[in-house]
Amino acid sequence: MEKRFQPELYEQKWQTWWSENGFFVAEAESERPSYCIMIPPPNVTGNLHAGHALQTTIQDLLTRWKRMLGFNTLWLPGTDHAGIATQLMVERQLAAEGIEKAELGREGFVEKAWDWTLQHHGRIRAQLDRLGASCDWTREKFTLDEELSNAVREAFVRLHREGLISRDEYIVNWSPGLQTAISDLEVEMKSVAGKLYHISYPIEGTDERIVVATTRPETMLGDTAVALHPDDDRYLHLHGKSAVLPLVGRKIPFVKDAVVDRDFGTGLVKVTPFHDPTDFEIGRRHDLPGVRVIDSSGRMTDEAGSDFAGLDRAVARKKVVQMLQEQGFLAEIEDYTHNVGHCQRSGVPIEPMVSTQWFLDMNEMAARALDSVRSGRTRLVPDSWDKTWEHWLENIRPWCISRQLWWGHQIPAWYDDKGGIFVAHSRQEAEKLAGTSELTQDTDVLDTWFSSALWPFSTLGWPDQTRDLATFYPTDVLVTGFDIIFFWVARMVMTGLHFMDEEPFQTVHLTGLVRDSEGHKMSKTRGNTVDPLELVDEFGADALRFTFAILDSPGRDIPLDADRMAGYKAFGNKIWNAVRFSLGNTGDSRVQEELDLEKLELPERWILSRLARTAAEVNAKFEIYRFDEACQRLYHFFWGDLCDWYIELCKPAFSGKAPRPLVGEVLLTVIDRSLRLLHPVMPFLTEELWQRLPGREVIHSETITLAPYPQAQPDWIDDEAELNIGRFIQMIGWVRATRADLAVDSKTELELFVSADDDFKVRLTELEPLARPLARLSGFSFELAPESAHQDKVAGLGLGLIIPEVELTDRDLERQAKERDELKAQSTRIQELLSNESFTTKAPEKVVNQNRQRLTELTDRLAQLEAGLGKS
RNA sequence: GGGAGGUUAGCUCAGUGGAAGAGCACCUGCUUUACACGCAGGGGGUCGGGGGUUCAAAUCCCUCACCUCCCACCA
């Protein structure tokens, strides 16, 4: 067996073997309870990033754990067609080949996009495989699969027939960068240093002028009113009159609207219904016409007037300002920093624009989703997200679901030449409805998130009543980043309740963001992104997974630190070597299912007890999604209890100096259970090692992935063994520390004087051969320690060592003096506490006693220390 | 303008009422027959500031400061 753990030698082998043997394939029908996780589908043409690696780790950990617990486990993988992202990639690719998108046409373009998709498809799987993901690839799905597209059409048609989806002319967020409408969620507010232009408008038939302020002077060309607050005495006299729009000459009315803030600017607002969302609402309330002055590419229209038609909106702004100035309408220009909506994906400022789009009314569905979290039927972990959830759903607005793209699900709506609209599952059905075959299909596609919203059931065959759907819906847990809680999570809950009448999952585990080692957000522009596969190359998948799992504290972002990961690779090496040692020293012993506890001596009973407690706690922590605490526990059990103590305690037994019954069996059994406990986090290493354990094949399955997950095992809990070995460990610790403190040469053997109760003396006699190598002792003496010995009281034991005369350095002396001062301070504090009557009467007895005992210990220790100091 | 989270050892973070913790980094010794990706020992923090509740506060309450992030129709 190699001296070192070399993950690159085994990882691929096991992933292939697991896959070929179908260990991860779920049963469509089963006696066993089901457990299901739907993967958040990554972009089909994308690469896995660090955030995916984190989420994959958590999902796989849960899946493997539940699988070992005997559940009929399904982790369903798949990918998303990612409309905008993929279309942009394909466009870029075409541009590089010198092909014009327009001359290719829609059909040609979609064909290219499919080529691109199929070409990249498989990459995601390869990457997930490298991380050890135990997905059921026989059930892999893609959002544009025929089956899923069918679900999309079904959902659209139903929602339309229920009156929730409608086609409407409304003001939308237009992205001039992408040339499509986008949803509110895809708009990102950015603070922009701009100008606030104060423009004066003459009042018709008077010499009076009013002043309005705007950050976008070019939109004034489309003004159709001026708004004032209904209670604003300053301006009430204007109501009924008209302002004359400068440069244009159009007479526009005054309207009273409560949305106006009297304290901002002059308290008067210019109203441009077709180019501002607030103004659009005002326009609707007062039945104002709108004028479209900017077109979809961001250029001024003919309606903007001959001076401006055809100009880019930025150029037009300059020209409007210049002309206003020349004609004496510009009152003031003020520096002004304000928030401007930008297109999240293309980065350009959003152009609010009136256009005809498809909208989904979310009110009803949102109310149910809101109630679902309030009532606890959907649980957000951590629950600090509850308020965010509430706020968003309470203020929900219609979702603009149509996109002016080619890549995606084309909207299942057909038009005849008389303006009739026919929404149907297919062209045939639409033709039947229309009574004509002269129909053209809507050219828009649906927002990618519309199909994602159906993912928990569309992947299981809905709307057909499939066996998978019956078995696995509702799913159990969703693991994803908080950044898509609205984009995706909330919408899945809404559609799940609407179409399935049941929440799509019980629990949503929201992970933090993966940041770089300094806590910065990873971004391509910053250049600090980390490729998880490179980390797998360097440290192995198991170390990467362990690192993510142990860092996943609720509500916390995760700083990805290579040093830390190196530390957990070392943990892998530790495991490797512990097994290597065990296999090399246990002779013919074999892993056992049951152990005759009566026959075992103290160290064996101790490690089994520690193991049982660890198993109980790890299960409990997994149950509440505290992977960090579970891993912490696993780490310390394996390295601390098992390697530092138990294996050391085994050595004298293996060497024949102090044989004990069943040592080999116990060690192998503990290794077996430990590997199984670790398996969900470190699948490759544990399979590689577990396969080598003699005897395990008689008891369990051929693979650790299907072996039972260790449970609490109460009969292994042994308080007496834990107490005694605990005292023993403290005793050894004292000897080691004392030797180091007093600079005793490491080769010098010392005799340890111990005063203890008779029972522990008996125990200690058994343990004597084990204690010798651990602390370089020649042996124990139960005689009274001589006056000259260094003495102390530890864990209720009186301990003494005769230390050969050594010259203590100044540093040693300094340290001793410091310790003495600290002890004195503590002792004083506790004395004060105990002499405080309100403490002794009000504090629980347990706490008071604890302090009494502590004071005795401190006093003893202080006395010993001062005697020692006197001597030196 | 609302809301959430954070401020604990050099770094990154656990710890929600009873003696300050982990990993990494650091210091001092070690070829102790699995592992130097190791072993043993050790240094280092008035738990952001202030106030309050309590016998007792990193932990509960108030307040201030700073840092993140989310939501938002003050033109």
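Chain A is the first sequence line, chain B the second, and so forth, proteins listed ahead of strands; every chain is numbered from 1.
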- Query: Could one point to a donor on the side chain of A/K574 or the base of B/C35 with an acceptor on the other under 3.5 Å away?
  - Reply: yes
- For A/R556 and B/A22, what is the distance between atoms CZ and P respectively, to the nearest whole Å? 18 Å
- Item | Under 3.5 Å: donor-acceptor pair, side chain of A/W389, backbone of A/A369 | yes
- Please state whether the phosphate of B/C30, meaning OP1 or OP2, lies under 4.0 angstrom from any side-chain nitrogen or oxygen of A/K747. no
- Given the C1' atoms of B/A40 and B/U46, what is the spacing between them in whole Å? 32 Å
- Task: Before accepting this row, confirm whether a basic side-chain N of the pair A/E218/A/R216 lies closer than 4.0 Å to the acidic partner's carboxylate O.
- Result: yes
- Message: For A/K747 and A/D745: C-alpha separation, side-chain torsions, deciding distance, then whether salt bridge (Lys or Arg N to Asp or Glu O under 4.0 Å) applies.
- Response: CA-CA 5 Å; A/K747 293 205 173 62; A/D745 181 86; 5.5 Å; no
- Item | OP1 or OP2 of B/C37 under 4.0 Å from side-chain N/O of A/Y568 | no
- Please determine, for the side chain of A/A570, which listed nucleotide (B/C73, B/G38, B/G41) has the closest atom? B/G38
- Task: Please determine if a side-chain N or O atom of A/W639 lies less than 4.0 Å away from the OP1 or OP2 oxygen of B/A34.
- Result: no
- Task: Decide yes or no, distance alone: a donor-acceptor N/O pair under 3.5 angstrom between the base of B/A34 and the side-chain of A/K651.
- Result: yes
- Query: Closer than 4.0 Å, any side-chain N/O of A/R564 to the OP1 or OP2 of B/C13?
  - Reply: no
- Minimum-distance nucleotide to A/Y336 side chain [options: B/G23, B/A75, B/G38]: B/A75
- Item | A/C643 side-chain proximity, nearest of B/C39, B/A34, B/G23 | B/A34
- Could you give me the stems involving RNA chain B, meaning stretches of three or more consecutive Watson-Crick or G-U wobble pairs whose two defining distances are both below 3.5 Å? B:1-7 with B:65-71, B:10-13 with B:21-24, B:26-30 with B:38-42, B:48-52 with B:60-64
- Interatomic distance at P, B/G18 relative to B/C74, whole Å: 46 Å
- Query: Separation of A/D557 atom CG from B/C69 atom P, in whole Å?
  - Reply: 10 Å
- Side chain of A/H338 - closest among B/A75, B/A14, B/C35: B/A75
- Are A/F546 and A/F571 near enough that their ring centres are under 6.0 Å apart? yes
- Message: I'd like to know whether A/L583 forms a side chain to side chain contact (heavy atoms under 4.5 Å, CB included) with A/L668, so could you lay out the CA-CA distance, the side-chain angles of the two residues, the decisive distance to 0.1 Å, and finally the verdict.
- Response: CA-CA 8 Å; A/L583 293 175; A/L668 288 174; 4.3 Å; yes
- Query: Among B/C71, B/A4, B/C35, which is the nearest nucleotide to the side chain of A/S384?
  - Reply: B/A4
- Task: Look at the side-chain N and O atoms of A/K569 and state whether any lies under 4.0 Å from the OP1 or OP2 oxygen of B/C37.
- Result: no
- Message: Please pick, from B/A34, B/C13, B/G18, the nucleotide with the shortest atom-to-atom distance to any side-chain atom of A/R580.
- Response: B/A34
- Task: Mark yes or no for a side-chain to base donor-acceptor pair under 3.5 Å between A/E648 and B/A34, with no hydrogen or angle criteria applied.
- Result: yes
- Item | Cation-aromatic face contact A/K574/A/Y635, 6.0 Å, 45 degrees | no
- Item | Candidate nucleotides B/A14, B/C37, B/C55, ranked by approach to the side chain of A/D628 - the nearest | B/A14
- side-chain hydrogen bond (donor to acceptor under 3.5 Å, both in side chains) between A/Q853 and A/T856, worked out: CA-CA 5 Å; A/Q853 199 185 331; A/T856 326; over 6 Å; no
- Shortest non-hydrogen contact from A/P559 to A/D557? CD-O, 3.6 Å
- Presence of A/R4 side-chain N/O under 4.0 Å of B/C35 phosphate oxygens OP1/OP2: no
- Query: Are any of A/R626's side-chain N or O atoms less than 4.0 Å away from OP1 or OP2 of B/G15?
  - Reply: yes
